[in-house]
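First the proteins, then the strands, lettered A, B, ... as listed; each starts at 1.
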Amino acid sequence: MTVQIAATYDPEGFKDRGFVQAITEDGDAAGPARAVADLEAEIGSARAESPRWIWPSTSDLAPALLRRGIRVDRCHDLALTEALLLAYEGRCGEPRSLGAAWARLHGLAVPEDRAEGALDAPAENPTTQPALFEPDRSGLPPDADPLRAVREVYADQLRRVAATAHPGRFRLLVAAESAAALAAAEMAHHGLPWRADVHGGILEEVLGPRPPDGSPPREMAAAAADLAAALGVRTLNPDSAPQVTKAFADVGVRLPSLRRWELKEVDHPAIPLLLKYKELSRLYSFNGWVWRDTWVVDGRFRPEYTVGGVVTGRWAARGGGALQIARRLRKAVIADPGWMFVAADAAQLEPRILAALARDEGMAEATQSDDMYTALADVFEGSRAQAKIGLLGAMYGQTGGGAAAPLALMRRRFPKATALLDDAAREGERGRLVRSHLGRTCPPPSQRWQAAIAGDAEADAADDSNRRSGQVARARGRFTRNFVIQATAAEWAEVLLALLRQRLRELDGPELVFFQHDEVLVHTPGEHASAVAEMIGECAARAGRLMFGSSPVRFPMSVHSVECYGDAK
DNA sequence: GAGTGGAGCGCC
DNA sequence: AAAGGGCGCTCCACTC
């Protein structure tokens, strides 16, 4: 049986001091409570028995452990679990810290969660010394018995998990989320290999040389000047929507908006120049030299990931826009000498998730193919593109225009899948909560929704009010419709990540360095690349079985072993 | 001048 | 082909 150990820093805040205690699988004390002078060392020394650590928050503990070379196998993250349970219970957004959970349990005043600060530069510079004294983050009052709080909250969480509709599934969710938190800390610790010189080369090629004074680079300035000339104005700030709109109006062109897809519809010689400027300006401001110098340190890009940071269970990332790395910059992601990347992404994850959730036989059949859309082209009048529109449109709640025909086909040919989505949308429109397969639960409707549904509480004309409340309700429906798919896809990916993280320990060297919703990047000594690739495929299949049992739905991974991430797709 | 909200983009 | 889900980030415009 797995040994379980409760562990927590000293809430009085003396760095490194802490408490540990063996606990039973029900959360009862199974050994003496011990105060330890160096909690991190204590955790490191227990490595051999591979315990499950029951602790307040992985994101508070794991970075410090990793800096000292300590990796743990598994944990139960009380804060992440509390957040999952609160959402399940319809109390999304209430404070989730150990202290908050403990206060709720005892009917005491619940402390707010400590706010996450903004991130302006890499947070974990390995060379900086940790502070000697850090404010406690558990939210426990100083006079509380921290181990007792851990035990009580853990036991309470086990009871609440058991009370869910599908306790086995929820346990898998808790395990995956906790493991994901460990993986996230490891990725932040390793960093994504990033060649600043290659990045600089891309910038120079596209933007021109870096101006010494931080002024706009040559190509960007030229695009702005060309645009102004084409519109017959002396100066123009292309970043100013009012200025651009007015300049076009003055030459007789009314722009519906400045969105790219709408601009592309407009026939005027200045439009391509504006689009060119927008493209260059995006690269410059988002991933330009300033970004590189801020975020790439010692050949690594180190963002900070927030597990469960998105309501659907996707990860969020703070700092550097880690989950929006422009494709063109992936050329700068180059493995260390002798190392490789194994890049794997789940092919068409969301429609496969839909097929499994809805137990739709027709769609399940199509998942046997590595390219579902091609497999379904026959259904959609021979068009792969139409198949994609039909499936994505159904999952996103698209209604109008060219999606109508493929959506109608979708409805006729895959009634079970369509019904599942329509049910989720209807629940949302009525203000009810929907859940993922494992039990992650969407937030309740916004105040705005409540107000809109209340309707005549507003002073507006009745017609206007009804129309608006209809819009708000449908928006909520689109959200819940998509939630069941996106949230289930996200948990499938977390299960995969948890499994892969464990499997990788069989090898010496491979490290998880990036994870983006349905895609994972392993940095590995070259000789292990093929073994890693094989593991990923096995873990994907096992993730499907853990989530959906004997479902026939396949979850193939597209796996590439490359030296440069830019070559992966 | 600091903070906020919207527009827009790019990632999934 | 039209414009539908989730984010983070940057810019501008606006407010105080």
Side-chain angles (χ1 to χ4, degrees), chain A residues 116 118-120 216 237-245 255-265 274-275 277-288 290-291 294-295 303-306 308-330 345-351 353-354 380 383 385-407 421 424-425 428 434 436 440 442-443 471 474-490 493 514-520 569:
Chain A
E116 299 277 3
L119 213 54
D120 297 324
N237 177 0
D239 288 324
S240 165
Q243 282 187 43
V244 172
T245 308
L255 298 178
S257 78
L258 297 182
R259 282 190 274 275
R260 201 157 61 120
W261 63 268
E262 279 187 316
L263 291 177
K264 279 182 178 164
E265 303 300 306
L274 177 57
L275 293 174
Y277 175 86
K278 281 157 108 44
E279 184 197 341
L280 297 177
S281 142
R282 165 90 189 180
L283 177 63
Y284 173 71
S285 61
F286 204 85
N287 289 123
V290 172
W291 181 93
T294 305
W295 290 104
E304 197 170 281
Y305 300 97
T306 311
V310 178
V311 288
T312 58
R314 282 183 173 181
W315 294 12
R318 293 181 310 143
L323 300 182
Q324 298 115 266
I325 298 171
R327 288 183 157 273
R328 72 199 319 173
L329 286 179
R330 294 181 185 180
D345 75 287
Q348 302 147 351
L349 179 56
E350 296 195 342
I353 291 289
L354 173 59
F380 291 89
S383 162
Q386 291 289 102
K388 187 173 178 178
I389 293 168
L391 285 172
L392 294 181
M395 289 188 291
Y396 290 159
Q398 190 173 352
T399 49
L407 282 171
L421 295 166
V434 297
S436 70
R440 192 185 303 270
C442 76
Q471 280 173 5
R474 279 192 298 279
R476 172 78 187 171
R478 284 193 299 275
F479 167 62
T480 52
R481 168 191 292 271
N482 184 251
F483 181 93
V484 295
I485 303 299
Q486 191 182 120
T488 304
F514 192 55
F515 174 68
Q516 186 176 37
H517 311 314
D518 62 357
E519 180 179 5
V520 62
K569 272 195 227 179

So, for A:Thr480 and A:Ala425, which heavy atoms are closest and what is the spacing to 0.1 Å?
OG1-CA, 3.8 Å
Could you tell me how far apart A:Lys264 (NZ) and B:dC9 (C1') are, to the nearest whole angstrom?
12 Å
Quick check: closest heavy atoms across A:Gly320 and A:Trp291, and the distance to 0.1 Å?
O-NE1, 3.0 Å
Is a side-chain donor or acceptor of A:Gln386 paired with a backbone partner of A:Phe380 at a separation under 3.5 angstrom?
no
Which nucleotide, C:dC9, B:dG8, C:dC12, lies nearest any side-chain atom of A:Ser240?
C:dC12
For atom OH of A:Tyr305 and atom C1' of C:dC7, their distance in whole Å
14 Å
Nucleotide N/O of nucleotides 14-16 of chain C paired with protein N/O under 3.5 Å:
none

Rounded to the nearest Å, what distance is computed from the CG atom of residue A:Leu255 to the P atom of nucleotide B:dA7?
16 Å
Nearest-angstrom distance from the residue atom CZ of A:Phe286 to P of C:dC7
16 Å
Which is true for A:Gly393 with a 4.0 Å heavy-atom rule: it touches a base, it touches only sugar-phosphate, or it touches nothing?
nothing
Mind checking ring-ring contact (aromatic ring centres under 6.0 Å, His included) for A:Phe483 and listing every partner two or more places apart, or none if nothing turns up?
A:Phe479
Side chains of A:Cys442 and A:Arg476, heavy atoms from C-beta outward: is any pair under 4.5 Å?
yes
With a sphere of 6.0 Å drawn around NZ of A:Lys278, does it hold more than 12 non-hydrogen atoms of other residues, nucleotides or ligands?
yes
Rounded to 10°, the helix from B:dG1-C:dC16 to B:dC12-C:dG5 deviates from straight, judged by its five-pair end axes, by 10°
So do the side chains of A:Leu275 and A:Lys264 get within less than 4.5 Å of each other, counting heavy atoms only?
yes
Between CZ of A:Arg259 and C1' of B:dG6 the distance, given in whole Å, is 11 Å
Of the nucleotides C:dG5, C:dC7, B:dC9, which one has an atom closest to the side chain of A:Phe479?
C:dG5
Nearest heavy-atom pair of A:Leu263 and A:Leu258: which atoms, and what distance?
CD1-O, 3.5 Å
Taking every non-hydrogen atom, the tightest pair across A:Val244 and A:Pro238:
CG2-O, 3.5 Å
Give the rounded distance in Å between these two atoms: CH2 of A:Trp291 and C1' of C:dG8.
13 Å
Test ring-ring contact (aromatic ring centres under 6.0 Å, His included) applied to A:Phe515 - qualifying residues, sequence neighbours left out:
A:Trp315
With respect to the phosphate group of C:dC11, does any side-chain polar atom (N or O) of A:Ser281 fall under 4.0 Å of OP1 or OP2?
no
Nearest heavy-atom contact between A:Val311 and A:Pro443 is CG1-CG, 3.6 Å
Test A:Ile325 against A:Gln516 for side chain to side chain contact (heavy atoms under 4.5 Å, CB included), laying out the working first.
CA-CA 10 Å; A:Ile325 298 171; A:Gln516 186 176 37; 5.7 Å; no
Categorize A:Asn237 for me: base, sugar-phosphate, or nothing, with a 4.0 angstrom heavy-atom threshold over every strand shown.
sugar-phosphate
Just checking A:Ala489: base, sugar-phosphate only, or nothing, at a heavy-atom cut-off of under 4.0 Å?
nothing
Below 4.5 Å, heavy atoms only, C-beta onward: do A:Gln348 and A:Leu391 meet side chain to side chain?
no
Using atom names, set out every protein N or O paired with an N or O of nucleotides 10-12 of chain B below 3.5 Å, distance rounded to 0.1 Å.
from   : atom 1 : to       : atom 2 : distance (Å)
B:dG10 : OP2    : A:Arg260 : NE     : 3.4
B:dG10 : OP2    : A:Arg260 : NH2    : 3.2
B:dG10 : O4'    : A:Arg282 : NH2    : 3.1
B:dG10 : N2     : A:Gln324 : NE2    : 3.2
B:dC11 : OP1    : A:Arg327 : N      : 2.9
B:dC11 : O3'    : A:Arg330 : NH2    : 3.2
B:dC12 : OP1    : A:Arg327 : NH2    : 3.2
B:dC12 : OP1    : A:Arg330 : NH2    : 3.2
B:dC12 : O3'    : A:Asp518 : OD1    : 2.6
B:dC12 : O3'    : A:Asp518 : OD2    : 3.0
B:dC12 : O2     : A:Arg314 : NH1    : 2.7
B:dC12 : O2     : A:Arg314 : NH2    : 3.0

Rounded to whole Å, how long is the line connecting atom CZ of A:Arg481 with atom C1' of C:dG5?
11 Å
Identify whether any heavy atom of A:Gly319 sits under 4.0 Å from a base atom; if not, whether one sits that close to sugar-phosphate; answer base, sugar-phosphate or nothing.
sugar-phosphate
Below 3.5 Å is the cut-off: list the nitrogen or oxygen pairs between protein and nucleotides 1-3 of chain C, distance only.
none

Between C:dG5 (P) and A:Arg440 (CZ): distance, integer Å:
20 Å
Beyond-backbone contact of A:Leu255 with A:Glu262, side-chain heavy atoms, under 4.5 angstrom
no
What are the two closest heavy atoms between A:Arg481 and A:Ala424, and how far apart are they?
CA-CB, 3.9 Å
